Amino acid sequence: MQESRYNPGRIEEKWQRIWQDQEVFRSTHEDESLPKYYVLEMFPYPSGRIHMGHVRNYSIGDVVARMKRMQGYNVLHPMGWDAFGLPAENAAIKNNTHPAHWTYQNISYMRQELKRLGYSYDWSKELATCHPGYYQWEQLFFLQLYQKGLAYRKKAPVNWCPDCLTVLANEQVEAGLCWRCEAAVVKKELFQWFLRITDYAEELLQDLEKLAHGWPERVISMQKNWIGKSQGMEIEFPVNGLSSSVKVFTTRHDTLYGATFMSLAPEHELVPELIRDSPEQDRIREFIHRVSAQDQEERTAEETVKEGVFTGRYCINPATGENMPIYLANFVLLEYGTGAVMAVPAHDQRDLEFARKYNLPVRVVVRPEGHDLSPDDMTAAFSEPGTAVNSGQFSGKPTAQVQEEIADFLENKNLGRRKTNYRLRDWNISRQRFWGAPIPVIYCPQCGTVPVPREELPVLLPQEADMPLDGRSPLPELDSFVQTTCPECGGNARRETDTMDTFVESSWYFARFTAPRRKDAPFEPRAIKYWLPVDQYIGGIEHAILHLLYARFFVKALRDLGYWSLEEPFANLLTQGMVLKDGAKMSKSKGNVVDPDEMINRYGADTVRLYCLFASPPEKDLEWSDAAIEGSCRFLNRLWRLVEELGPALSPVGPCVDMNAAELSPQEKELRAAEHGALRKAGRDMLERFQFNTAIAAAMELVNALSQHKEVLTARSSGKKALSSALSTVLSIMAPITPHICEELWSRMGYKTSLARTPWPEYDSRALLQDEVLVVIQINGKLRSKMSVPADMDQEELKSLALEDAKVQKHIQGKSVTQLIVVPGKLVNIVVK
RNA sequence: GCGAGAGUGGCGGAAAUGGUAGACGCACUGGACUUAGGAUCCAGCGGUUUGUCCGUGGGGGUUCGACUCCCCCCUCUCGCACCA
């Protein structure tokens with residue numbers, strides 16, 4: 001007994017069961033005879049419950065997956081869990097449990113939530129990164145990278161988040177704050193493991209061009225900026241009285257003659273040597289101490305005043321032979337270039353301010369077009385190109401030429417060399433936290449750093465660990481974990497207790513998804529070759545640099561380890577906007593969170609999906625409106641009633657049934673044109689432009705046309721045929737968006753196969769042709785009248801008909817027609833004077 | 001400061017290649033059906049001095065014709081930011 005009222009809860013459960021029982025969404029294995037399509041959404045961190053941002057992200061992905069399936073592609077659409085991470089530890093401490101327990105509990109709850117939304121995932125491919133079956137391969141990659149010198153350990157000033165009690169990679173510090181908790185990050189000297197992403201800087205930059213068509217320009221430019229390539233020179237300035245020299249990186253070696261002093265980062269490695277004999281040592285030390293103690297936010301803030309201290313030492317300008325006092329300056333960054341800057345006050349604003357403050361000489365070496373600079377009272381540095389002056393043999397030449405000549409000059413004298421510098425730093429992957437993949441390394445007092453032998457992998461994260469209440473990792477104090485024997489000498493040794501950054505897991509999960517259960521190797525070559533790269537990747541813009549840069553790097557590094565020949569992981573990228581409520585991002589603290597579960601309970605999954613896709617195009621932010629979602633619900637109810645009302649009278653002939661145009665009534669023709677027109681628009685909008693909102697609008701228009709003409713059309717058998725076809729087309733268009741209701745109505749119309757397995761219908765452009773068309777009449781470009789004319793009317797006829805029009809007559813009275821523009825089938829523009 | 005994007009009704013948003021501005025939806029108004037309705041259906045819905053003229057942030061320009069193309073300006077959002 002079928003219900004006549006739309007009951008989303010019941011039908012959604014029903015169809016989810018059918019899809020599952022019949023394994024409708026299981027991807028066919030690598031079937032080389034079928035075109036493949038890999039659509040992937042950024043997998044979630046199992047925080048406890050899904051939020052609207054997930055729903056939006058995954059709804060977009062599901063439309064793409066379902067639509068591609070309808071188009072005959074072999075689709076891979078997997079889902080998994082980015083399951084390592086700090087919140088699990090904090091929650092475990094709070095609830096006195098183990099992070100693993102908390103995490104797996106969350107996963108099973110969130111999996112149900114996703115299933116209730118009817119997403120067409122191939123759940124047989126599900127993976128969780130905290131599972132040893134996953135992270136063991138990551139440990140293997142680490143060993144192989146270590147062997148190749150792409151993973152290394154060094155002591156370095158690193159970013160320390162005092163709240164998370166761990167270090168952060170540079171990418172994870174945003175304006176001096178921790179990306180996760182927004183605490184002010186401080187510098188700390190620690191031994192850490194790094195991945196040599198800088199080896200790939202140039203390739204990561206160059207290959208952005210390959211992504212130009214598939215990735216948003218915004219993301220590409222953000223990555224470009226982050227990599228920060230600049231071309232210049234490395235120049236050495238010998239220190240007076242010492243054997244050392246100060247090395248600088250500069251892009252303005254054309255201003256070398258104007259370098260009057262030297263600025264070093266307070267943490268520069270040469271500093272102890274420079275100040276060893278200085279009588280002012282205490283004062284200098286105090287300065288260094290004060291500056292290094294500042295957190296990054298404070299130190300790099302715009303308001304921070306430039307200040308410095310003289311070291312008492314001088315270095316020699318290799319061009320002029322003059323002495324340049326060496327200063328320490330708070331604005332010089334150790335991380336960038338060489339941590340030392342040749343100061344050219346006349347042509348660099350920072351250097352000028354510094355020079356004025358400490359009374360240092362200013363020498364103009366570039367003359368602007370048309371006027372002279374006055375070194376004694378200039379307040380703004382001149383940093384544009386010009387003509388070299390006061391520059392010895394180079395004087396009188398234009399800046400660009402001087403750049404080349406000075407470069408040659410210094411290279412010949414072995415005082416400097418051309419150099420490309422990148423802002424990108426190596427990726428610090430050590431984390432002083434528990435809930436992550438252990439770094440598979442052993443420290444032996446005899447043999448030093450020894451990698452864990454491959455056959456001893458995985459290094460398991462212990463299940464028995466008690467979480468210290470203060471958030472520190474339990475690993476360093478867990479003897480059963482730490483105490484081990486050296487694989488080389490067999491003596492007592494200690495394990496590394498840091499774990500890997502969780503961004504390492506997400507750097508290769510998309511590849512593991514192609515064969516997630518494979519036991520003897522991380523990947524299955526055939527599956528890799530068939531499925532990769534991901535054809536469409538979908539996720540938030542917040543990963544524009546972080547995850548998306550790391551994943552690109554990993555693909556290149558694993559390529560060099562011989563795993564594949566893949567160059568880039570994601571051929572196309574869609575960055576969806578945020579879900580807002582009352583103009584702000586949803587957050588517990590603002591109290592503006594809309595709970596997906598609650599919405600599904602009230603309206604059903606189809607309505608929630610529909611609203612997420614209809615309210616705005618995917619790239620833009622979506623303003624959640626409790627009122628507007630009612631409209632989506634209303635539409636589905638209207639559709640339901642329409643099928644209930646008409647269904648019994650119609651037989652399942654569509655969609656896009658063949659009809660003989662000559663035998664159709666005008667209304668039938670009109671409906672048919674509307675059907676094929678909507679299909680054309682929806683197909684184009686959904687697939688070529690990912691504009692689901694306008695595709696849905698097209699379906700709504702078709703529903704409106706159906707309702708309008710239904711009485712007249714049911715009177716004739718050809719009319720019923722047209723109605724059935726159009727209704728079937730509506731269901732086909734909506735199927736990827738609101739799959740449950742469409743399946744149900746599809747079967748109620750009498751179709752026997754699942755809509756999920758029904759091909760996307762093809763429109764017939766002949767059906768779009770109409771007998772009569774509306775032609776607008778403009779006078780001087782302004783709309784004045786309209787006329788309905790046969791579609792094939794020729795230009796001359798259109799012209800005369802337009803001129804005869806009564807409204808036109810009134811407007812052109814007493815004026816002379818100078819020109820007549822005709823766009824056949826569209827408009828006539830009458831130009832008068 | 002540099003880079004990117006965006007300014008359209010009360011609101012979310014439409015208008016491929018320049019060619020009927022405001023599709024579709026929300027809200028609102030009037031009506032119908034009703035014991036009632038926040039259900040449903042019908043009609044209306046940019047402004048206006050209402051058979052009129054004005055309207056896509058502002059000002060210029062190109063064009064028969066500009067939300068769309070060009071120049072200048074304003075505002076907002078995002079990213080980067082002492083990068084040597």
Side-chain angles (χ1 to χ4, degrees), chain A residues 174-175 216-226 228-230 232 248-253 255 259 263 265 299-306 329-333 335-344 347-351 353-354 383 421-423 541-542 544-545 577-578 610-611 614-617 619-632 634-635 637-638 641 681 684-685 688-689 691 693-704 707 774-786 807 810 818-823 825-832:
Chain A
E174 293 168 354
E217 205 182 305
R218 196 151 71 111
V219 176
I220 290 177
S221 86
M222 281 165 79
Q223 293 214 353
K224 263 187 200 158
N225 287 340
W226 186 260
K229 179 178 183 175
S230 60
V248 305
F249 172 76
T250 179
T251 54
R252 289 302 307 273
H253 40 278
T255 61
S263 307
R299 181 155 163 193
T300 57
E302 209 162 353
E303 317 77 77
T304 306
V305 205
K306 293 178 189 14
N330 64 343
F331 65 88
V332 180
L333 307 170
E335 306 84 73
Y336 187 79
T338 61
V341 181
M342 67 174 210
V344 186
H347 306 292
D348 183 287
Q349 190 59 31
R350 294 157 300 178
D351 295 342
E353 286 170 34
F354 198 86
S383 51
N421 191 61
Y422 300 90
R423 202 182 81 116
I541 187 81
E542 65 272 18
I545 293 171
M578 289 189 295
L610 178 59
Y611 178 70
F614 181 59
S616 85
E619 254 120 356
K620 287 182 68 170
D621 288 347
L622 182 154
E623 172 69 32
W624 187 273
S625 155
D626 291 326
I629 191 175
E630 298 275 354
S632 296
R634 216 173 291 161
F635 170 69
N637 271 296
R638 277 184 68 200
R641 285 196 307 271
K681 177 161 176 57
R684 197 169 49 200
D685 288 355
E688 286 169 32
R689 311 201 299 158
Q691 286 228 29
N693 55 334
T694 51
I696 294 163
M700 287 173 167
E701 278 184 90
L702 183 50
V703 168
N704 290 346
S707 326
L774 192 68
V775 170
V776 304
I777 308 173
Q778 299 180 333
I779 293 170
N780 290 342
K782 283 184 181 158
L783 179 71
R784 293 303 180 194
S785 188
K786 301 175 187 183
K807 284 181 196 157
K810 207 184 109 191
T818 57
Q819 207 180 343
L820 275 170
I821 314 272
V822 179
V823 182
K826 281 230 156 132
L827 67 76
V828 178
N829 188 13
I830 304 166
V831 187
V832 296

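Chain A is the first sequence line, chain B the second, and so forth, proteins listed ahead of strands; every chain is numbered from 1. Fair warning: this is a prediction, and the values are worked out from it, not measured in the lab.
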* In whole Å, what separates the C1' atom of B:C33 from that of B:C41? -> 8 Å
* To do: Determine, for A:Tyr422 and A:Lys229, whether the Lys NZ or Arg CZ falls below 6.0 Å from the six-membered ring centre while staying within 45 degrees of the axis.
  => no
* Taking only the side-chain heavy atoms of A:Ser230 (C-beta and beyond), determine which of B:C83, B:A84, B:C26 contains the nearest atom. => B:A84
* Asked: If you find the nucleotide of RNA chain B closest to A:Asp621 and the one closest to A:Gly337, which residue's nucleotide is nearer the 5' end?
  -> A:Asp621
* Asked: For A:Arg218 and B:C2, what is the distance between atoms CZ and P respectively, to the nearest whole Å?
  -> 20 Å
* Reckon A:Val344 touches a base, only the sugar-phosphate, or nothing at all at heavy-atom distances under 4.0 Å? -> nothing
* Taking atom P of B:C41 as reference, at what distance in whole Å does atom CZ of A:Arg634 sit? -> 9 Å
* Spacing of the P atoms in B:G25 and B:U40 (rounded, Å) -> 13 Å
* To do: Report the nucleotide, chosen from B:G13, B:G5, B:C24, that has the shortest atom-to-atom distance to any side-chain atom of A:Ala697.
  => B:C24
* Asked: What distance, rounded to whole Å, do you find between the two P atoms, one in B:A15 and one in B:U52?
  -> 31 Å
* To do: Dump the intermediate steps for side chain to side chain contact (heavy atoms under 4.5 Å, CB included) on A:Ile541 and A:Val219, then the final yes or no.
  => CA-CA 8 Å; A:Ile541 187 81; A:Val219 176; 3.7 Å; yes
* Asked: If you check the A:Gln819 side chain, which of B:C64, B:G12, B:C82 turns out closest?
  -> B:C64
* To do: Please answer whether the main-chain N or O of A:Gly631 pairs with a side-chain N or O of A:Tyr611 as donor and acceptor at a distance below 3.5 Å.
  => no
* Nearest to side-chain heavy atoms of A:Thr251, which nucleotide of B:G13, B:C24, B:A84 -> B:A84
* Asked: Counting side-chain heavy atoms from CB outward, which of B:G3, B:C64, B:C54 is closest to A:Val831?
  -> B:C64
* Report yes if a donor N or O on one partner sits less than 3.5 Å from an acceptor N or O on the other, where the partners are the side chain of A:Gln778 and the base of B:G19; otherwise report no. => yes
* Asked: Looking across every strand, which nucleic acid part, if any, lies under 4.0 Å from A:Phe635 by heavy atom: base, sugar-phosphate, or nothing?
  -> nothing
* Give a yes or no on whether the backbone of A:Ser383 and the side-chain of A:Arg252 come within a donor-acceptor separation of less than 3.5 Å. => yes
* Structure fact -> Between CG of A:Leu783 and P of B:C67 the distance, given in whole Å, is 13 Å
* **Exam field: side chain A:Thr818 to backbone A:Val831, donor-acceptor pair closer than 3.5 Å** => yes
* To do: Pick base, sugar-phosphate or nothing for A:Leu774, based on heavy-atom distances below 4.0 Å to the nucleic acid.
  => base
* Given B:G79, B:A81, B:C26, which nucleotide is nearest the side-chain atoms of A:Trp226? -> B:A81
* Whole angstrom value for the distance that separates C1' of B:C64 from CG of A:Leu820 -> 10 Å
* To do: Answer with base, sugar-phosphate or nothing: what part of the nucleic acid does A:Ser625 contact at a heavy-atom distance below 4.0 Å?
  => nothing
* Structure fact -> Syn within 90° of 0, anti beyond: B:G9 is syn
* Taking NZ from A:Lys782 and C1' from B:C64, how many angstroms apart are they, rounded to a whole number? -> 13 Å
* Any chance you could lay out the side chain to side chain contact (heavy atoms under 4.5 Å, CB included) test for A:Ile629 and A:Trp624, step after step, and finish with the verdict? => CA-CA 8 Å; A:Ile629 191 175; A:Trp624 187 273; 3.7 Å; yes
* Structure fact -> With the side chain defined as heavy atoms from C-beta on, A:Arg423 is closest, among B:C80, B:A84, B:A23, to B:C80
* Take A:Lys786 and A:Leu774 through the test side chain to side chain contact (heavy atoms under 4.5 Å, CB included) and record every step on the way to the result. => CA-CA 7 Å; A:Lys786 301 175 187 183; A:Leu774 192 68; 4.2 Å; yes
* Asked: Which part of the nucleic acid, if any, lies within reach of A:Lys620 when heavy atoms closer than 4.0 Å are counted: base, sugar-phosphate only, or nothing?
  -> sugar-phosphate
* Asked: Once you round it to whole Å, what is the distance between C1' of B:G25 and OH of A:Tyr611?
  -> 10 Å
* Walk me through it: do A:Leu622 and A:Phe614 pass the test side chain to side chain contact (heavy atoms under 4.5 Å, CB included)? => CA-CA 10 Å; A:Leu622 182 154; A:Phe614 181 59; over 6 Å; no
* Asked: With no hydrogens and no angle check, is any side-chain donor or acceptor of A:Asn829 less than 3.5 Å from a backbone partner on A:Ile821?
  -> no
* For A:Glu630, which contact category applies under a 4.0 Å heavy-atom criterion: base, sugar-phosphate, or nothing? -> nothing
* Side-chain donor/acceptor contact of A:Asn829 with base of B:C64 under 3.5 Å -> yes
* State which of B:G19, B:A84, B:A23 makes the closest approach to the side chain of A:Thr694. => B:A23
* To do: Using the C1' atoms only, state how far B:G18 lies from B:G13, rounded to an integer number of Å.
  => 22 Å
* Nearest to the side chain of A:Asn704 - B:A14, B:C24, B:C82? -> B:C24
* B:C76 and B:U8: how far apart are their C1' atoms, nearest whole angstrom? -> 15 Å
* To do: Would you mind classifying the nucleic acid contact of A:Gly631 as base, sugar-phosphate or nothing, using non-hydrogen atoms under 4.0 angstrom?
  => sugar-phosphate
* **Residues A:Ser230, A:Asn421; criterion side chain to side chain donor-acceptor pair (under 3.5 Å); working and verdict** => CA-CA 5 Å; A:Ser230 60; A:Asn421 191 61; 4.6 Å; no
* Asked: With respect to the phosphate group of B:U20, does any side-chain polar atom (N or O) of A:Arg784 fall under 4.0 Å of OP1 or OP2?
  -> no
* RNA chain B: 5'-proximal contact among A:Thr338 and A:Asn693 (nearest heavy atom) -> A:Asn693
* **A:Arg641, nearest nucleotide to its side chain (from B:G13, B:C41, B:G25)** => B:C41
* Structure fact -> A:Asn225 CG to B:C82 P, in whole Å, measures 13 Å
* Separation of the C1' atoms in B:C53 and B:U48, to the nearest angstrom -> 8 Å
* To do: Look only at the side chain of A:Glu619 and the backbone of A:Gly577, and say whether a donor-acceptor pair between them is shorter than 3.5 Å.
  => no
* Contiguous pairing runs of three or more, Watson-Crick or G-U under 3.5 Å, that involve RNA chain B -> B:1-7 with B:74-80, B:10-12 with B:24-26, B:28-32 with B:40-44, B:57-61 with B:69-73
* For atom C1', what is the distance between B:C45 and B:A23, given to the nearest Å? -> 15 Å
* To the nearest Å, give me how far apart OH (A:Tyr336) and P (B:A81) are. => 12 Å
* Please work out if A:Ile629 contacts a base, only the sugar-phosphate, or nothing of the nucleic acid, heavy-atom cut-off 4.0 Å. => nothing
* To do: Using a 4.0 Å heavy-atom cut-off across all strands, classify A:Pro216 as base, sugar-phosphate, or nothing.
  => nothing
* Determine the Euclidean distance between corresponding P atoms of B:G59 and B:U68; express it in Å to zero decimal places. => 13 Å
* To do: Please check the phosphate of B:C83 (OP1 and OP2 only) for any side-chain N or O of A:Arg350 closer than 4.0 Å.
  => yes
